[in-house]
J.: 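Take a look at this one; I'll ask things after.
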2 protein chains.
Amino acid sequence: MATISDVAKEARVSVATVSRVLNNKESVRKETQQRVYDAIEKLNFQPNLLARNFRRSESRVILIITPNITNPYYAHILTGIGETASSLGYSALIFNTGGSLEKEKEGMEMLKLRRADGAILLASSMESPHLLEYVESHPVVQCSEYDGASGLPRVSIDNHLAAKEVVEYLIDSGHEKIATISSKNTYISTKERLDAYRETMKDHGLKVPRSYIAHGDPDYSFKSGKKAAMKLLSLKERPTAIFCISDTLALGTISAAMEMGIKVPEELTVTGFDDVDDTTMFHPYITTVKQPCYDLGMRAMKLLFDRMMKKEISDKKVILSHQFVIRESSAPYKP
Amino acid sequence: MATISDVAKEARVSVATVSRVLNNKESVRKETQQRVYDAIEKLNFQPNLLARNFRRSESRVILIITPNITNPYYAHILTGIGETASSLGYSALIFNTGGSLEKEKEGMEMLKLRRADGAILLASSMESPHLLEYVESHPVVQCSEYDGASGLPRVSIDNHLAAKEVVEYLIDSGHEKIATISSKNTYISTKERLDAYRETMKDHGLKVPRSYIAHGDPDYSFKSGKKAAMKLLSLKERPTAIFCISDTLALGTISAAMEMGIKVPEELTVTGFDDVDDTTMFHPYITTVKQPCYDLGMRAMKLLFDRMMKKEISDKKVILSHQFVIRESSAPYKP
DNA sequence: CTGTTAGCGCTTTCAA
DNA sequence: TTGAAAGCGCTAACAG
């Protein structure tokens with residue numbers, strides 16, 4: 001492989017000049033520049049990133065810490081991050097944690113080792129104290145899920161508002177026996193959606209029996225949604241609507257209803273959350289909240305970039321707008 | 001950040017010695033070693049990967065070229081690659097091409113720039129000639145899809161055999177009017193599955209009218225599967241079984257059948273391929289071929305590792321075994 | 001506008 | 001078993 005000094009020799013200039021045209025910022029005479037370009041072409045020269053990064057003390061890599069790429073919701077965010085990173089000259093290193101805190105720390109070590117210049121946390125299972133060690137000396141932003149106490153920049157939708165919208169829609173449709181399927185994880189979105197459900201119900205003078213709050217697995221698995229729904233649908237006071245905090249949970253709920261001979265939406269209204277791919281794969285298509293996944297990722301990357309460039313960040317809390325999509329799994333209450 | 005020479009000073013040894021204990025290969029006296037460890041701890045030293053990689057002229061990063069992480073099939077393979085890479089001391093850089101050849105070349109440039117030491121091609125849209133430029137001087141392996149002419153190592157299942165198994169099962173179940181939904185892409189798996197379908201039909205003396213071979217989009221989209229199925233199901237000689245070369249296509253087919261009032265599996269048998277997540281999200285659960293995605297990824301990474309270490313590779317063509325899973329979308333033919 | 005030169009932090013001969 | 005010292009290829013003062 002040709003090096004910068006080979007090029008310099010070939011073009012009869014100094015290495016400094018070659019470096020200048022490579023980074024085309026300082027002034028180089030047009031003619032000289034051309035000579036250098038010719039030499040580069042002739043020798044088929046490619047700058048050695050290893051050397052450059054070392055010298056500049058940067059990796060031009062950003063780290064994405066995610067629980068699970070297999071989840072299409074994250075996969076879409078990842079795509080947004082990835083393409084934006086690429087357009088800014090960065091490569092994206094994806095680190096799967098499977099939700100384990102240990103793995104998460106292992107990932108963050110990449111920052112210290114200088115394998116990556118900054119990180120985007122997709123659904124940190126860490127509590128702030130654990131983060132602190134890395135966050136003090138490295139740019140980090142949170143995307144989608146976040147820890148409010150960490151003080152880190154973040155981008156997400158307004159989960160509380162979105163959930164409120166769904167529950168109000170349910171109430172406006174005449175439903176009163178509204179149950180929810182939440183999840184056993186500690187994500188802020190989970191908490192906010194559940195809180196909004198409770199508040200909205202209360203604001204409208206509607207009761208929420210303890211038994212109306214069911215929980216799926218931390219990863220919103222289809223099976224756990226089905227199981228939770230089975231329980232809900234076996235209640236004496238069977239709910240006429242179920243507000244699920246994820247689409248897979250809603251899918252599970254619909255499946256449970258079908259097996260129990262309960263028609264959706266005629267006898268049971270079901271709503272989801274996120275609007276991932278399989279939301280319109282089967283009838284009934286699911287009424288849900290569409291999240292701007294790609295944009296979430298894009299904005300997070302831009303925020304991180306600003307951070308890395310040490311630009312002032314105007315907005316530390318970016319809230320993107322969601323969209324409530326009414327489809328086939330919901331209908332007005334019919335006594 | 002402390003450097004190796006800070007540590008050397010602190011431990012009253014030379015940098016060479018510190019380097020030796022860091023890479024613990026050359027012999028260092030126990031006592032000295034301990035002094036170095038103490039110094040490292042005291043100074044909270046972390047070796048600078050940027051410097052190390054530069055010096056060693058390696059990145060310890062591997063590149064994954066994939067059309068689309070959003071596809072759960074690839075996402076699972078990615079997980080296998082990622083975890084294996086991690087355990088071997090490598091980080092995985094994921095490069096999404098969206099199926100574009102240009103993007104693909106852009107990704108492969110990372111190899112030349114030394115951003116990555118090797119690459120795994122998940123579904124190369126490149127034809128061998130384009131690959132050549134990179135393959136000559138860098139370790140590359142193909143996973144799942146491959147170009148047989150490239151001569152590159154590869155790991156995959158035996159698509160021909162698997163497809164044959166499915167079609168034979170259909171025939172053994174009494175079906176004769178068996179159609180297929182293939183795809184408009186140029187993947188080898190597509191070709192092999194279609195070929196196997198044709199051959200098997202022929203071997204059993206069954207006719208395949210031209211109209212029995214339908215095509216979905218290159219990315220196997222649900223919608224395109226539905227559309228293709230609609231056409232197939234409107235034929236005068238309506239097929240009693242449809243062999244789909246992917247699960248989403250099968251899902252689309254079932255959806256089409258439902259809308260047309262055709263019962264699956266009573267009046268129509270549908271089979272899929274790959275066994276991705278949503279294969280058991282709805283009834284009827286899909287009869288399909290399960291691919292060992294995680295293992296596919298793992299083996300590919302191991303192969304690449306061997307290549308990078310310049311070990312002899314015993315097997316250039318690794319075939320992993322699949323599993324035919326009979327579920328609810330298929331049934332014996334009833335006249 | 002261009003050249004000279006000093007490192008960046010690490011690994012690796014070579015010599016002791 | 002250890003140390004001295006030479007670089008890896010590039011960037012960025014600094015000098016001209």
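Lettering of chains follows the sequences in order, A, B, ..., and the numbering in each one begins at 1. For clarity, every value in this text was computed on a predicted model and none was experimentally measured.
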J.: List every contact pair, protein side and nucleotides 7-10 of chain C side both N or O, where the distance is under 3.5 Å.
T.:
unit_1: C:dG7; atom_1: N2; unit_2: A:R55; atom_2: NH1; d: 2.9
unit_1: C:dC10; atom_1: OP1; unit_2: B:N48; atom_2: N; d: 3.0
unit_1: C:dC10; atom_1: OP2; unit_2: B:I4; atom_2: N; d: 2.4

J.: To the nearest 10°, let me know how far the axis at one end of the helix from C:dC1-D:dG16 to C:dA16-D:dT1 is tilted from the axis at the other, five pairs an end.
T.: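 End-to-end axis angle for the helix from C:dC1-D:dG16 to C:dA16-D:dT1: 30°, rounded to 10°.
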
J.: Looking at B:R52 and B:L22, what are the two nearest heavy atoms and their distance?
T.: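 Taking every non-hydrogen atom into account, NH2-CG, 4.0 Å.
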
J.: Just how far, in rounded Å, is C1' of D:dT2 from CZ of B:R35?
T.: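 So the two atoms are 11 Å apart, to the nearest Å.
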
J.: Measuring only between side-chain heavy atoms, which start at C-beta, is B:L50 closer than 4.5 Å to B:F54?
T.: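 They are not in contact (no side-chain heavy atoms under 4.5 Å apart), so the answer is no.
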
J.: Using whole Å, what does the distance between atom C1' of nucleotide D:dC10 and atom CG of B:L50 come to?
T.: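 Spelled out: CG on B:L50 to C1' on D:dC10 is 12 Å.
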
J.: Please enumerate all residues that pass salt bridge (Lys or Arg N to Asp or Glu O under 4.0 Å) together with B:R29, with sequence neighbours excluded.
T.: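 Residues passing salt bridge (Lys or Arg N to Asp or Glu O under 4.0 Å) with B:R29: B:E31.
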
J.: May I ask you to evaluate whether B:S14 reaches the phosphate of D:dA4, defined as a side-chain N or O under 4.0 Å from OP1 or OP2?
T.: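 No, outside the criterion.
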
J.: Which atom pair, heavy atoms only, marks the closest approach of A:P67 to A:T97?
T.: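 Shortest heavy-atom contact: CA-OG1, 3.4 Å.
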
J.: Please tell me whether A:S59 and A:N53 have a donor and an acceptor in their side chains that are separated by less than 3.5 angstrom.
T.: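 There is no such pair between these side chains.
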
J.: With side-chain contact (heavy atoms from CB on, under 4.5 Å) as the test, would you mind laying out the steps for B:I81 and B:L122 before giving the verdict?
T.: CA-CA 11 Å; B:I81 298 177; B:L122 278 202; 4.3 Å; yes

J.: Output the single nucleotide from D:dT1, C:dT4, C:dC1 whose closest atom is nearest the side chain of A:S27.
T.: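 For the A:S27 side chain, the nearest candidate turns out to be C:dC1.
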
J.: Given atom CG of A:N53 and atom P of D:dC10, what is their separation to the nearest angstrom?
T.: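 Rounded to the whole Å, the gap is 11 Å.
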
J.: If we ignore angles and hydrogens, is there a donor and acceptor under 3.5 Å between the side chains of B:S57 and B:R114?
T.: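 Note: B:S57 and B:R114 side chains meet the donor-acceptor criterion.
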
J.: Which pair of non-hydrogen atoms, one from A:F45 and one from A:A2, has the smallest distance, and what is that distance?
T.: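 Heavy atoms only, the tightest pair is CD1-O, 3.3 Å.
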
J.: Quick check: closest heavy atoms across B:I64 and B:A92, and the distance to 0.1 Å?
T.: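 Closest approach of B:I64 to B:A92: CD1-CB, 3.9 Å.
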
J.: From C:dG3, D:dT2, C:dC1, pick the nucleotide closest to the side chain of A:R29?
T.: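 Nearest to the side-chain atoms of A:R29, counting from C-beta on, is C:dC1.
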
J.: What's the NZ-C1' distance between A:K9 and C:dT2, to the nearest Å?
T.: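 After rounding, the gap between these two atoms is 18 Å.
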
J.: Just to be sure I understand the rule, does A:V13 reach a base, reach only the sugar-phosphate, or reach nothing, if contact means heavy atoms closer than 4.0 Å?
T.: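 Sugar-phosphate, no base atom in range.
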
J.: Remember a base hit wins even if backbone is also touched, and classify A:T17 as base, sugar-phosphate or nothing at under 4.0 Å, heavy atoms.
T.: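 Sugar-phosphate: the residue A:T17, judged by heavy atoms under 4.0 Å, touches backbone atoms but no base.
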
J.: To the nearest angstrom, how far is A:R20 atom CZ from D:dC10 atom C1'?
T.: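 My rounded result for the distance is 13 Å.
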
J.: B:N24 CG to C:dT11 C1': how many Å, rounded?
T.: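 After rounding, the gap between these two atoms is 14 Å.
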
